[in-house]
Amino acid sequence: MRTLTKWFGALVLGLSVTLAGCDWLEQPINSPYPVGAEAQNTLFTAFTQRSPRYLDPARSYSSDETPYTYNIYEPLYSYHYLKRPYELIAKTATAVVEPVLLSETGEVLPDTVDPRLVHESVYTIQIQPGILYQPHPAFAKEADGRFVYYPITPQQLRGRHAIVDFPQTGWRELTADDYVYGFRRLASPRVASPIYSTLAQHVIGFEQYGEMLAEKDRELREAAAAQNREPAWLDLREMGFEGIEAIDDYTLRIRVKGSYPQFRYWLAMTFTAPIAWEVDRFYSQPGMAANDLSLNTWPVGTGPFMMVESLQNRRHVLARNPNFRGEPYPCEGEPGDRERGLLQDCGKMTPFVDRIVFNIEKESIPLQGKFMQGYYDLPQPNRGDVGVSMLVAAGDSSEKAALFSERGIQLPTTVEATIFYFGFNWLDPVVGQGDTPEQQVRNRKLRQAISIAFNWEEFIAIFQQSQGQPAFGPVPPGILGYQEPPEGINRVVYDVVDGQARRKSLEYARELLTKAGYPNGRDAETGAPLVLYFDSAAGANASSPVLDWMRRQFSQLNIQLDIRATDYNRFQEKMSRGVAQMFMWGWIADYPDAENFLFLLYGNQVKAERGGENAANYVNPQYDALFEKMRDLPDGPEKAAIIDQMIAIVQHDAPWMFGFFPRSAGAYQQWVHNAKPSQMVRNGLQYLRVDPQLRTEKIAQWNQPIWWPLPLLLLILGLLIWPAWRMLKRQQQRTALAPKRTESQEQP
C-alpha cells in the first residue's frame with residue numbers, strides 16, 4: 001500500500017514538473033520557430049508552395065526568387081527605396097552615368113541628336129573600390145595559393161550537401177572583370193539565360209559571342225564523349241567580345257547598339273550582377289549538381305545578406321554578410337513619407353536585421369493565422385495581394401477591421417506597374433492572325449466580340465474584391481504612355497458616355513460574331529458549334545469559381561469554352577511551343593518604362609520561335625516599326641505620341657483582352673519599421689527594421705500560455721489509477737483479515 005502510494009505521488013509530481021516545462025504550454029504549438037527566437041534581431045516571413053527554383057542571377061526571372069537574389073547580389077544600379085516616381089541610384093557604381101553617343105564614324109554626338117543618327121552608346125562606369133564578396137569556400141586558398149576545394153575528389157565531396165559543410169572559406173574584392181564574367185554567362189549554352197536573346201539585340205557583339213560559346217561547348221562535349229567523361233568547365237575568361245570590357249579593376253565599359261535609353265534599367269537587375277569566376281568553376285565540378293550545390297541553391301554575392309541555411313521546400317535563412325560595407329538609409333522620399341515615419345532612420349547604416357528566416361506555409365489560412373498571432377513580421381515579401389486581401393476583409397467585417405486596428409497591423413498601399421491579361425495565340429487558325437486577308441478580318445472580329453462580352457469590371461468586383469482597375473491598353477498608370485479617361489478609353493470595347501467608359505452591348509458583340517462567321521455561336525458553313533480552348537495553369541481541376549465564371553462569359557455568345565487544366569510547369573511548356581489557343585498571364589515590370597510592357601507584343605519577342613516574352617506570338621509589322629522607333633527615344637512628347645499609335649493598333653487587333661491593373665498592399669506588424677511596399681524596389685528587406693522587444697511583448701500578450709491541460713491530465717490520470725488502487729487496497733484488506741497459519745500447520 002505504502003509502495004503504491006509513493007509511486008502514485010512520484011508519478012503525479014513528475015508529470016506536473018514535465019508538463020510545466022513543456023514548450024507547448026508556453027506558446028501555441030503552431031509557432032514556426034523555437035521559444036525565445038522572437039527576442040532576436042531576426043525578420044520572420046514565409047514562402048508558399050515550394051522553394052525558389054532559380055537563384056542563379058542569369059536564370060532567375062520569377063518574383064518569388066527576388067527576395068533572395070536582390071538581397072544577395074548587387075547590380076551596378078538600384079532604385080531609391082522611397083522616391084516615386086522611381087529613381088535610379090548607384091549601387092556598386094560610383095554614379096549613374098549617361099552614355100556617350102557616337103556616330104557611325106565614331107564622332108561624339110550631342111544628347112539632343114536624332115536617335116536614328118546614333119550608331120553606338122558607350123557607358124563607362126566606375127566601380128567603388130573595397131567592395132568584398134561574402135565568405136565562401138570557392139575563394140578558400142591554402143598558404144601556397146592553391147584553392148582548397150578545387151579540384152575536389154568524389155571522396156571529399158561525399159556527404160556535403162550545403163555550403164556550411166565546407167569549413168574553410170575565403171573572399172576577395174569585387175572588380176570590373178566580375179561584371180564582365182556575369183554578362184558572358186548570359187550567353188553560355190550551359191546557363192540558358194531567358195534574358196540573353198533580349199540583351200543580344202542591344203549589346204554590340206553579344207549575339208556573335210553566344211554563337212562562339214555554343215561552338216566551344218560542342219567541342220568540349222565531343223571531346224568528353226570520346227573519353228567517356230564529363231565535359232570540361234567552360235572557362236569564360238578565355239573568350240571575350242568587344243561589347244563588355246573591363247578597362248581596369250574598377251572601370252567597366254559597355255557598348256550598346258544605337259540609342260537605347262532603357263538599357264540603364266537593365267543595370268539595376270540581377271541579370272547583370274557580377275559573378276566571380278572562382279564561384280562558377282567551383283560549382284561546375286563533377287558531383288556538385290548531384291549534391292544540389294549550385295548558384296541556384298547557394299548564391300554568392302557582395303550584397304547585405306548571404307544564404308546560410310537552405311532546406312528545400314522547408315526553410316531558407318539569410319544572414320548578414322560580415323563583409324558588407326553598409327549603406328545609409330535614405331533621407332529623402334516622396335510627400336508624406338516623413339509623416340508616415342519613413343525618414344526616422346535617415347543616415348543609419350543598413351541592413352538593420354541580422355537574419356531573415358523564410359518558413360514554408362503551404363496553405364494561406366495557417367499563414368494568416370500565424371501572422372495575426374505575431375509569429376510572422378510580414379506574411380510574404382514582394383507579394384502585394386496579401387495586404388489587399390486584408391484590406392478587403394477589413395472592409396467587409398467590422399470585427400476584422402477592429403482586430404487589425406487593435407493589433408496595429410500596417411497595410412500600406414501602392415500602385416504597381418503590373419498587368420494581368422487574357423491572350424489569344426496569334427498562331428492559332430481560329431483566334432489567331434489568320435492566313436488570308438478575309439480570315440484575318442473574321443478572326444479579328446471574333447476576338448473583338450469576345451473582348452466585349454468578357455466583363456472585366458465584374459471579374460475585378462468578384463475575384464479581386466474591387467481591388468483593381470480595368471485596363472484599356474498594355475501600359476499601366478504612372479508610366480509615360482498611359483492616358484486617363486476619356487482619352488485612353490479603348491473604343492473597340494467601350495463607348496464613351498459623359499467622359500466615362502461603358503462596355504459595348506452584347507447585341508453589338510453578337511453582330512461582330514456573325515460577321516466573323518459564327519452566327520449564334522455556330523459555324524456559318526457547317527453549323528457546328530464554336531468550341532474554344534483555354535489553358536489553365538491552376539492545376540488539374542477544370543472547375544473553379546473563376547473558370548466557371550469564364551464559361552458563362554463565353555456562353556453569352558453561345559461559344560463553348562473547353563478548359564484544359566494543367567500545372568504551371570506543363571503550362572509553361574505548352575506556351576513555349578505555342579500550342580495554347582487562349583491563356584491568362586501577367587507581367588510585373590522589370591523597370592518603369594512603357595517599353596517594358598509594349599515589348600510583350602513585339603514581333604522579335606515571340607515565345608514560340610524565339611523564346612521571348614511575347615506569349616501571344618503577336619506580329620504586326622507596323623507595330624514593330626513603331627516599337628523600334630519608340631524604344632530609342634528619351635521620355636518626352638514624341639515618345640508619348642508614338643506610344644499612343646502603338647496602343648491604338650493593338651486595341652484594334654485585340655491580341656489581348658487587356659484585363660486589369662491590380663492594386664497592391666503590404667502587410668506588416670506594428671514592430672516593423674520603414675515598410676514601403678514595392679515590386680519595383682526588390683531589395684526592400686535591407687531597409688526594414690524590427691523591434692524585438694515589442695514583438696516579444698505582443699506575442700506573449702496575444703498568445704497566453706496554455707495551462708488548462710495540466711489539471712485535466714491529472715484528473716484523467718487519477719481516474720485511470722483510482723480503480724486499480726481501490727482493487728489493490730481491498731486485496732490487502734482481505735489478506736490482513738485472513739487467519740494466520742502456525743509453523744506446524746504449514747508443515748505437511
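Residue numbers run from 1 in the order of the sequence given.
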- Item | Evaluation steps, side chain to side chain contact (heavy atoms under 4.5 Å, CB included), between K607 and E613 | CA-CA 6 Å; K607 184 172 286 293; E613 296 300 332; 3.9 Å; yes
- Item | From CA spacing to verdict: side chain to side chain contact (heavy atoms under 4.5 Å, CB included), H136, I163 | CA-CA 8 Å; H136 192 272; I163 289 302; 3.5 Å; yes
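Not one N or O on the side chain of S78 forms a donor-acceptor pair closer than 3.5 Å with the backbone of A268. A donor-acceptor pair under 3.5 Å is absent between the side-chain atoms of Y54 and the main chain of S62, judged by distance alone. Formation of a donor-acceptor pair under 3.5 Å by the D535 side chain with backbone atoms of A580 is not found in this model. Using modelled atom types, no side-chain atom of N313 and backbone atom of R50 make a donor-acceptor pair closer than 3.5 Å. Judged by distance alone, with hydrogens and angles left aside, the side-chain atoms of T92 form no donor-acceptor pair with the main-chain N or O of I127 at under 3.5 Å. Side chain of Q128 to main chain of A93: a donor-acceptor pair is present (N/O by atom type, distance under 3.5 Å, no hydrogens or angles). Looking at R325, its side chain never comes within 3.5 Å of a backbone N or O of G130 through a donor-acceptor pair. No donor-acceptor distance shorter than 3.5 angstrom exists from the side chain of D64 to the backbone of P52, with no hydrogens or angles considered. At distances below 3.5 Å, at least one donor-acceptor pair connects side-chain atoms of D567 with backbone N or O atoms of R570. A donor-acceptor pair is defined here as one N or O able to donate and one able to accept, closer than 3.5 Å; such a pair exists between the side chain of D624 and the backbone of G603.
Going from atom OG of S63 over to atom CD of Q380 covers 9.5 Å, rounded to the nearest 0.5 Å. Expressed to the nearest 0.5 Å, how far OG1 of T69 lies from CG of N71 amounts to 8.0 Å. If you take CD1 on I588 and OG1 on T66, they are separated by 8.0 Å, rounding to the nearest 0.5 Å. Note that CZ of F627 and CG of L598 are 7.0 Å apart. Values are rounded to the nearest 0.5 Å. If you take CD on E207 and CD on Q201, they are separated by 8.0 Å, rounding to the nearest 0.5 Å. Between atom OG1 of residue T198 and atom OH of residue Y602 there is a gap of 10.5 Å, rounded to the nearest 0.5 Å.
Using a 3.5 Å distance cut-off with no hydrogens or angles, the side chains of S310 and Q312 do pair a donor with an acceptor.
A cation-pi geometry, defined here as NZ or CZ lying under 6.0 Å from the six-membered ring centre and within 45° of its normal, does not hold between R689 and Y329. Judged by the 6.0 Å distance and 45° axis criteria, R160 is positioned over the aromatic ring of F166. Relative to the six-membered ring of Y77, K91 misses at least one condition, a distance below 6.0 Å or an angle of at most 45° to the axis.
Y260 has its side chain out of reach of P99: every pair of non-hydrogen atoms, C-beta onward, lies at least 4.5 Å apart. Within the 4.5 Å cutoff, side-chain heavy atoms of P135 are placed close to those of N321. At least one side-chain heavy atom of F183 sits under 4.5 Å from a side-chain heavy atom of T272. Here the side chains of H161 and D292 are not in contact, with every heavy-atom distance at 4.5 Å or above. Between R221 and R218 the shortest side-chain heavy-atom distance does not fall below 4.5 Å. At least one side-chain heavy atom of D345 sits under 4.5 Å from a side-chain heavy atom of N674. A heavy-atom distance below 4.5 Å is not found between the side chains of T42 and I356. Considering only heavy atoms from C-beta on, L252 stays 4.5 Å or farther from Y123 through its side chain.
Partner of Y591 under the ring pair (Phe, Tyr, Trp, His ring centres under 6.0 Å) criterion, out of Y265, F597, F271: Y265 alone.
The environment of CZ in R237 is crowded: more than 12 heavy-atom neighbours from other residues, nucleotides or ligands sit within 6.0 Å. Counting non-hydrogen atoms of other residues, nucleotides and ligands closer than 6.0 Å to CG of N228 gives a total of 12 or fewer. Within 6.0 Å of CD on Q155 lie more than 12 heavy atoms contributed by other residues, nucleotides or ligands.
Residues meeting the ring pair (Phe, Tyr, Trp, His ring centres under 6.0 Å) test with F206, sequence neighbours left out: Y196, F241.
For the pair D280 and R184, the salt-bridge criterion is not met [side-chain N within less than 4.0 Å of a carboxylate O].
Nearest approach of I275 to P57, heavy atoms of both residues: CD1-CG, 3.7 Å.
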